[in-house]
> 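First, the structure itself, so that you have it in front of you.
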2 protein chains.
Amino acid sequence: MAQAKYQQIADRLREQIDSGQLAPGQRLPSEPDLVRQFDASRNTVRLAIALLTNQGLVVTRQGLGSFVTEPAQPFTAVMSRVHVQPAGRQAASTLPEVGNAPAEVRTSRQVVEKSPASASVADKLEIAPGDLVVVRRRRGTIGSVPWMMMASYYPMDIAAGTELELAGDIAHGSVRLLAELGYPQVGFADEIGARMPNGQEFAFFGLSTGTPVIVVNRTAYTPDRPIRLTRYVYRGDRVRLSHEVGSIPARFHNG
Amino acid sequence: MAQAKYQQIADRLREQIDSGQLAPGQRLPSEPDLVRQFDASRNTVRLAIALLTNQGLVVTRQGLGSFVTEPAQPFTAVMSRVHVQPAGRQAASTLPEVGNAPAEVRTSRQVVEKSPASASVADKLEIAPGDLVVVRRRRGTIGSVPWMMMASYYPMDIAAGTELELAGDIAHGSVRLLAELGYPQVGFADEIGARMPNGQEFAFFGLSTGTPVIVVNRTAYTPDRPIRLTRYVYRGDRVRLSHEVGSIPARFHNG
DNA sequence: AAGTGGTCTAGACCACGGG
DNA sequence: CCGTGGTCTAGACCACTTC
């Protein structure tokens, strides 16, 4: 046998999806149908469907059937917009702007805790792993769609005894507060990656199998040191990040 | 039954992975072992392992066993580095810089073709779907690790009769060539997303199941119009994108 | 040869969604 | 109620890796 039977079934179905013969949202043949069509056992048919599901091409719903994934219009998170000439604009907030929100953008009240820094947080903030940091968390929804989780990490020597330790929003934004505390932000570095979601992310976003998340680690700096790490997690099926550099005519913003 | 048996098995194994009891690179108990340990059938055990595999936590190798995924040190693709004060630096090339390459960065010779624009390409370039575009493709490896696929799309009215239609590298870079042709680039917009790989990407990168890819659509502009779309695809398990904004001390670059 | 995962079958019962 | 997918079992044979 050149190729496994479940692979062949998956390939056939993928062809039909790619060609549009099976359109987005359309139901695949039922499992018993596929069993007859390909002369295979039900388990083999289910293996084929699982393959497509994990590639994000198909979603299955118990009692209803398997459906070709319908891509949704993505939201655009504007991560930076820098006009090199004459002067750059720096965000006043760590909250990303949404370029094309079709509904109200809402953000949960900030939850604050102190906890020991993980290895990755410590590395970015240039502190020792296990050192205490202040963590400020919030989650974001657009209309009824959950789209973002974010957490900001502050070194304790900066945050101790300040408004940063208190729950709730910061009056004039954390960038301004940090500047008033003697830590003027002069720039930031974004490190962007993608991975499969953990259980918490899977549940909050209501993801289906085969959907990754986008992770952004944004480190903010004074001329001397890192002063904050903000970690953003976005659902991969509904969000695109936008970074703009240079003098882009306004009419081109966020397509 | 509160939860499916294969879910319980997967949860147990995940706990052991998260706690470090099963360290990265370590072999899981064999399938027959897990069958005995959890009093389940082999198919049920395999379902549990498949779950972890699709979450990117485990890789299986025939004849050897299942192993906890070993995260590799990621490469950093520097997508932009903008100093707001006094002046920004614009890349001379569409080729991303690698911030921390441990081996030689090699790039394939460019392959060129003409083809009709897909809907997504046409949208970015503000042309009609189906209009011909010049496509220039290349692939990149670091040492022996394939890490990038890129394709640049040029509207035919710009590229026709120019060096852009010829295979091979462009002598002084495409940004300079475009400027000489009367299309000076003044900025670009990056749109970043994540998804599961298609078959071609899976094969080229040698990915294992449960690994997403990062997709960057970079649109370059003159003051009047889009002049190029470059689409980058990176493997999610080995690449992080870097965007820097502001005056970040050099010692913090690609920490 | 022995041990590992990969593929496949046949059948059973459960859970969900919609008439 | 019926049709859909979800879970689980028991067993068979194949393919790969190591010794």
Side-chain angles (χ1 to χ4, degrees), chain A residues 1-14 17 22 25-70 199 202-203 206-210, chain B residues 1-14 17 22 25-70 199 202-203 206-210:
Chain A
M1 194 180 300
Q3 207 187 8
K5 194 187 271 191
Y6 79 94
Q7 290 275 7
Q8 294 177 32
I9 299 174
D11 286 347
R12 282 289 195 85
L13 292 172
R14 196 184 294 103
I17 292 170
L22 281 170
Q26 194 175 335
R27 214 199 77 184
L28 271 59
S30 74
E31 292 176 1
D33 283 350
L34 292 170
V35 163
R36 285 185 286 274
Q37 184 178 335
F38 291 100
D39 188 33
S41 77
R42 186 168 164 230
N43 278 344
T44 299
V45 164
R46 283 178 63 77
L47 264 186
I49 294 175
L51 198 58
L52 298 174
T53 299
N54 288 316
Q55 293 171 343
L57 300 174
V58 156
V59 294
T60 71
R61 280 180 289 177
Q62 188 172 3
L64 292 175
S66 295
F67 301 82
V68 180
T69 302
E70 288 185 272
F202 191 84
L207 298 177
S208 45
T209 305
Chain B
M1 194 180 305
Q3 208 187 8
K5 192 187 274 190
Y6 78 94
Q7 291 274 8
Q8 295 178 33
I9 300 175
D11 286 347
R12 282 289 195 84
L13 292 171
R14 197 185 293 103
I17 292 170
L22 280 170
Q26 194 176 335
R27 214 199 78 184
L28 270 58
S30 74
E31 291 178 1
D33 283 349
L34 292 170
V35 163
R36 283 185 286 273
Q37 183 177 338
F38 291 99
D39 188 32
S41 77
R42 185 168 166 230
N43 278 344
T44 299
V45 164
R46 283 178 63 78
L47 263 186
I49 294 175
L51 198 58
L52 299 174
T53 299
N54 288 315
Q55 292 171 343
L57 300 174
V58 156
V59 295
T60 71
R61 280 180 289 177
Q62 188 170 2
L64 293 176
S66 295
F67 301 82
V68 180
T69 302
E70 290 185 90
F202 191 85
L207 298 178
S208 44
T209 305

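These numbers come from a predicted model, not from an experiment.
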> Please pick, from dG5(C), dA10(C), dG5(D), the nucleotide with the shortest atom-to-atom distance to any side-chain atom of Asn43(A).
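Per side-chain heavy atoms of Asn43(A), the pick is dA10(C).
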> Over how many whole Å does the gap from Asp33(B) atom CG to dA2(C) atom C1' extend?
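The answer, rounded to whole Å, is 14 Å.
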> Considering all heavy atoms of both residues, which atom of Ala48(A) and which atom of Tyr6(A) are nearest to each other, and what is their separation?
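Shortest heavy-atom contact: CB-O, 3.3 Å.
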> What is the separation between atom CG on Leu64(B) and atom P on dG6(C), rounded to the nearest whole Å?
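Between P of dG6(C) and CG of Leu64(B): 10 Å.
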> How far apart are the closest heavy atoms of Val35(A) and Arg42(A), and which atoms are they?
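For Val35(A) and Arg42(A), the tightest heavy-atom pair comes out as CG2-CA, 3.6 Å.
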> Between Gln62(B) and Leu47(B), which has a closest nucleotide on DNA chain D that is more 5'?
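Looking at DNA chain D, the more 5' nearest nucleotide goes with Leu47(B).
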> Quick one: on DNA chain D, does Asp39(B) or Ile49(A) contact a more 5' nucleotide (nearest heavy atom)?
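First, find each residue's nearest nucleotide; the 5'-ward one identifies Ile49(A).
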> Which of these, Leu22(A), Thr209(A), Leu28(A), sits in a side-chain contact (heavy atoms from CB on, under 4.5 Å) with Val58(A)?
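Option passing the side-chain contact (heavy atoms from CB on, under 4.5 Å) with Val58(A): Leu28(A).
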> Do the side-chain N or O atoms of Arg46(A) get closer than 4.0 angstrom to the phosphate oxygens (OP1, OP2) of dG6(D)?
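Yes, such a contact exists.
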> How long is the line joining NZ of Lys5(B) and C1' of dC14(C), in whole Å?
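Those two atoms, NZ and C1', are 15 Å apart.
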> So, OP1 or OP2 of dT4(C): does either fall under 4.0 Å of a side-chain N or O from Ser30(B)?
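Answer is yes, contact under 4.0 Å.
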> Starting at atom CZ of Arg36(B), determine the distance to atom P of dT4(C), rounded to an integer number of angstrom.
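Nearest whole value for this atom pair: 8 Å.
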> On DNA chain C, nearest-nucleotide positions of Gly63(A) versus Tyr6(A): which is more 5'?
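The residue mapped nearer the 5' terminus is Tyr6(A).
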> Which whole-number value in Å describes the distance from Arg61(A) CZ to dG3(D) C1'?
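So the two atoms are 16 Å apart, to the nearest Å.
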> OP1 or OP2 of dT9(C) sitting under 4.0 Å from any side-chain N/O of Thr44(A)?
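So the side chain of Thr44(A) is within the cut-off, an N or O lying under 4.0 Å from OP1 or OP2 of dT9(C).
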> Write down the distance between CG (Leu34(A)) and P (dC8(C)), rounded to a whole number of angstrom.
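The answer, rounded to whole Å, is 15 Å.
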> Is there a donor N/O on one and an acceptor N/O on the other, under 3.5 Å, for the side chain of Arg42(A) and the base of dG6(D)?
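A donor-acceptor contact between them is present.
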> Find the distance Glu31(A):CD to dG11(C):P and express it as a whole number of Å.
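Going from Glu31(A) (CD) to dG11(C) (P), I get 17 Å.
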> Under the criterion side-chain contact (heavy atoms from CB on, under 4.5 Å), I'd like the reasoning laid out for Ile49(B) against Leu34(B): C-alpha separation, chi angles, the key distance, then a yes or no.
CA-CA 10 Å; Ile49(B) 294 175; Leu34(B) 292 170; 4.0 Å; yes
> Tell me if the CZ atom of Arg12(A) is crowded by more than 12 foreign heavy atoms within 6.0 Å.
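Check fails, neighbour count at 12 or below.
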